[in-house]
Amino acid sequence: MPSAEYPGFGRYVALGDSQTEGVGDGDETTGLRGWADRLAEHLAAAEPGLRYANLAVRGRLARQVRAEQLAPALALRPGLATVVAGFNDLLRPRFDPAAVTADLEAMFAALTASGARVATLAFPDIGRIAPMARPLAPRVADLNTRVRAAAARHGVTVVETAGYPVSTDPRLWTADRLHAGPLGHERIAAAAAHALGVPGSGDAWTHPLPDRPLPGAPAAVAAELRWAAGFLGPWAVRRLRGRSSGDGRSAKRPLLLPVAPPGP
């Protein structure tokens with residue numbers, strides 16, 4: 001329950017792209033859950049009256065999150081807002097880290113000025129998840145540095161999952177290696193709850209998974225080729241056609257609603 005140490009937030013609004021929407025945790029038939037939904041469950045356990053909205057839409061760039069989600073988020077008067085965007089940008093050939101950071105900082109500034117507590121995430125090194133993506137590692141590090149600086153200027157909480165080796169364990173990620181799986185979303189939510197000081201949270205999310213045998217070189221190469229053919233190729237084709245996985249989609253939870261207890 002809310003207390004002097006944890007006054008509670010009352011309203012939680014999540015802004016972002018596919019990770020915040022929950023892609024990788026559930027499906028189109030059963031519905032997506034995702035780390036933001038799971039964080040809302042942590043919050044609701046501490047303050048049962050919490051209401052939660054999720055404005056995130058897959059495929060959105062940082063400028064699109066700002067243009068499409070910031071005003072609706074402000075209208076909901078959140079006590080807590082999470083803003084996670086920029087990963088789709090850094091995958092693009094013409095990545096502009098300064099422009100991405102400017103869009104993120106504008107959202108940080110507007111939301112904190114409204115009185116909301118704001119949190120964001122540092123991105124893990126994608127090269128440790130998908131070896132063929134290792135050339136993107138400097139971009140990830142640069143964006144994280146910029147986001148941390150922008151967050152510091154506005155008192156935004158940075159959830160530092162990237163600093164722990166478990167964050168790049170393949171078992172936390174889906175087969176496309178770009179989206180967290182259920183266990184990954186669970187760990188991100190636990191990390192966010194811990195960073196926000198939610199009662200009952202702790203650092204268990206930092207603990208490594210049990211050891212497992214590593215694949216030999218031939219199996220590893222075969223896995224990379226399957227990933228390139230199954231996921232990297234189709235993604236590149238969509239980019240060339242100017243299409244996005246989020247085309248025609250809208251927010252899954254645009255209104256503030258009570259949080260249901262977690263399912264099994």
Side-chain angles (χ1 to χ4, degrees), residues 9 11-23 32 34-37 39-40 52-123 126 136 139-159 162 178-179 188 192 195-196 238-239 242-256:
F9 299 109
R11 300 181 180 92
Y12 166 36
V13 179
L15 298 80
D17 52 31
S18 56
Q19 294 287 12
T20 301
E21 184 186 351
V23 172
L32 299 176
W35 72 266
D37 287 24
L39 173 59
Y52 161 59
N54 188 320
L55 308 181
V57 178
R58 68 191 68 179
R60 293 303 193 256
L61 303 173
R63 60 178 172 78
Q64 294 172 314
V65 174
R66 177 183 178 185
E68 299 170 10
Q69 299 175 27
L70 178 58
L74 291 169
L76 295 173
R77 297 182 293 114
L80 170 69
T82 54
V83 180
V84 182
F87 198 81
N88 289 324
D89 297 81
L90 69 81
L91 295 175
R92 302 292 180 100
R94 297 180 180 177
F95 173 54
D96 184 344
V100 171
T101 306
D103 285 319
L104 290 169
E105 184 158 10
M107 290 187 276
F108 294 165
L111 288 161
T112 54
S114 76
R117 174 82 176 272
V118 179
T120 191
L121 302 179
F123 296 119
I126 187 176
L136 296 176
R139 288 187 175 189
V140 176
D142 180 40
L143 183 58
N144 280 344
T145 297
R146 292 171 182 266
V147 169
R148 290 182 184 110
R153 288 191 286 271
H154 298 280
V156 169
T157 299
V158 179
V159 182
L178 296 176
H179 297 98
I188 296 168
L196 292 166
R238 285 200 305 272
R239 297 288 78 76
R243 299 178 60 186
S244 167
S245 58
D247 288 347
R249 290 184 173 271
S250 57
K252 69 176 186 180
R253 190 183 173 106
L255 302 177
L256 287 164

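Here, residue 1 is the first one in the sequence, and each next residue gets the next number. Predicted model only: the values in this text are computed from it and were never measured.
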Inset, instruction - Hey, could you give me each pair passing salt bridge (Lys or Arg N to Asp or Glu O under 4.0 Å) that has a residue in residues 71-86? Not counting sequence neighbours. - result: none
Quick one: list whatever passes side-chain hydrogen bond (donor to acceptor under 3.5 Å, both in side chains) with [X], sequence neighbours left out.
X	result
R117	T157
D103	R66
Y12	T82

Inset, instruction - Could you list the residues that satisfy side-chain contact (heavy atoms from CB on, under 4.5 Å) with A98, not counting sequence neighbours? - result: D96, R146
Inset, instruction - Give a yes or no on whether the backbone of Y52 and the side-chain of R253 come within a donor-acceptor separation of less than 3.5 Å. - result: yes
Inset, instruction - State whether the side chain of Q19 and the backbone N or O of A85 hold a donor-acceptor pair below 3.5 Å, judged by distance alone. - result: no
Quick one: pull up [atom1] in [X] and [atom2] in [Y] and give me the separation to the nearest 0.5 Å.
X	Y	atom1	atom2	value
D17	L61	CG	CG	9.0 Å
M107	H154	CE	NE2	11.5 Å
R60	T20	CZ	OG1	13.0 Å
L136	F95	CG	CZ	9.5 Å
R148	R153	CZ	CZ	13.5 Å
L111	L80	CG	CG	10.0 Å

Inset, instruction - Please step through side-chain contact (heavy atoms from CB on, under 4.5 Å) for the pair F123 and V147, ending with a clear verdict. - result: CA-CA 10 Å; F123 296 119; V147 169; 5.7 Å; no
Shortest non-hydrogen contact from [X] to [Y]?
X	Y	answer
A195	V159	CB-CG2, 4.1 Å
L91	R139	C-NH1, 4.3 Å
L76	A53	CD1-CB, 3.8 Å
N54	A251	O-CB, 3.6 Å
D89	A62	OD1-N, 2.9 Å
A73	P78	O-CD, 3.1 Å

Legend entry - Contact check, side chains of T120 and L104, non-hydrogen atoms, under 4.5 Å: no
Inset, instruction - Show your reasoning for whether side-chain contact (heavy atoms from CB on, under 4.5 Å) applies to V84 and V65. - result: CA-CA 9 Å; V84 182; V65 174; over 6 Å; no
Legend entry - L55 vs V13, side-chain contact (heavy atoms from CB on, under 4.5 Å): CA-CA, chis, key distance, verdict: CA-CA 7 Å; L55 308 181; V13 179; 3.9 Å; yes
Inset, instruction - Output all residues satisfying salt bridge (Lys or Arg N to Asp or Glu O under 4.0 Å) with R11, sequence neighbours left out; order by chain, then residue number. - result: none
